[in-house]
Amino acid sequence: MLEVNDVDVYYGQLPAVRELSLRLDAGGILAVIGSNGAGKSTLLKAIAGQVPIRSGQVLLDGRDVTRLPAYQRTRLGIALVPEGRRLFKTLTVEENLLTARASKRRGPWTLESVYEVLPLVAERRNRRAGDLSGGEQQATSIARALMTNPEVLLLDEVSLGLAPAIIAQIYSFLPRIREHGTSILLVEQDVQQATKASQDVHCLLQGRTSLAGRDLDLADITRAYFGG
């Protein structure tokens, strides 16, 4: 469903992602882990079209989207849940969700199906986004991305700053999202959460792949994470 081939991303003269390749299968979930500054968020922004790619290629279901602007990638089926949520705080939860209809993509995700999978969002539908807790905002941000009917959902640090009970609740939604046919690329600093969510793990260190595979040993992951 999604292929990233030898991608380089720079901020000015500083490399953020270097020669990075990965593959996300249709209906699958891939966890990308690494410490702060490893290049994880930059990778997602590059896939979503929010930062330019200096070299390499991004393919969505075999189609080269490397040079397409972000809004066109959304219309083709890539949705990013950004770090920091970035909701319209003066709008209600439901109004935030309805803004995603601008993508004009058809698919299984409607208000009704999103509310069914994310009951936390349904319960807050008439509240202003700015009045929500961090966990409620995170769930709303995920719901808004789903309303674009993505083929690939990019999740950036969904557990950041949340209480353990709320993190567990957010992660409990992921299997049901996959059941609707949406593939998930998950970025996390929390190794435990990432490996619970996915058997397929891709570890970054200073913008490069330090380890990738399935059912990896925790000791190997720890060494790759910290550069041991």
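Here, residue 1 is the first one in the sequence, and each next residue gets the next number. The analysis underlying the following values was restricted to heavy atoms, covering all of them including side chains, and did not include hydrogens, waters or symmetry mates.
Taking CG of Leu60 as the start and CD1 of Ile78 as the end, the distance is 4.5 Å to the nearest 0.5 Å.
Side-chain polar atoms of Thr66 and Asp64 form a donor-acceptor pair below 3.5 angstrom. A donor-acceptor contact closer than 3.5 angstrom links the side chains of Thr182 and Trp109.
Closest approach of Ala145 to Pro150, counting heavy atoms only: O-CD, 3.5 Å. Across all non-hydrogen atoms, the minimal contact from Asp200 to Arg214 is OD2-NH1, 3.0 Å. The heavy-atom pair separating Val7 from Val9 by the smallest distance is CG1-CG2, 3.8 Å. When all heavy atoms of Ala197 and Leu186 are compared, the closest pair comes out as CB-CD2, 3.8 Å. Nearest heavy-atom pair, Ile184 versus Arg178, reported as atom, atom and distance to 0.1 Å: CD1-CG, 3.7 Å. Heavy-atom minimum distance, Thr110 versus Met147: C-SD, 3.6 Å.
Annotation: side chain of Met1 is not in contact with side chain of Arg23 (no heavy-atom distance under 4.5 Å). Side-chain contact between Leu30 and Leu22 is present, with at least one heavy-atom pair separated by less than 4.5 Å. Looking only at side-chain heavy atoms (C-beta outward), Gln57 and Asp6 stay at 4.5 Å or farther from each other.
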Working note: Val201 + Ile33, criterion side-chain contact (heavy atoms from CB on, under 4.5 Å); need CA distance, chi angles, decisive distance, verdict.
CA-CA 7 Å; Val201 175; Ile33 62 174; 3.7 Å; yes
Given side-chain hydrogen bond (donor to acceptor under 3.5 Å, both in side chains), test Thr92 with Asn126 step by step and report yes or no.
CA-CA 6 Å; Thr92 67; Asn126 294 318; 5.7 Å; no
Checking side-chain hydrogen bond (donor to acceptor under 3.5 Å, both in side chains) for the pair Thr209/His202: CA distance, chi angles, key distance, verdict?
CA-CA 7 Å; Thr209 300; His202 198 107; 2.7 Å; yes
Take Tyr225 and Ser35 through the test side-chain contact (heavy atoms from CB on, under 4.5 Å) and record every step on the way to the result.
CA-CA 7 Å; Tyr225 190 102; Ser35 61; 3.8 Å; yes
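A side-chain hydrogen bond (donor to acceptor under 3.5 Å, both in side chains) with Ser159 is found for exactly one of Gln189, Glu188, Gln193, namely Glu188.
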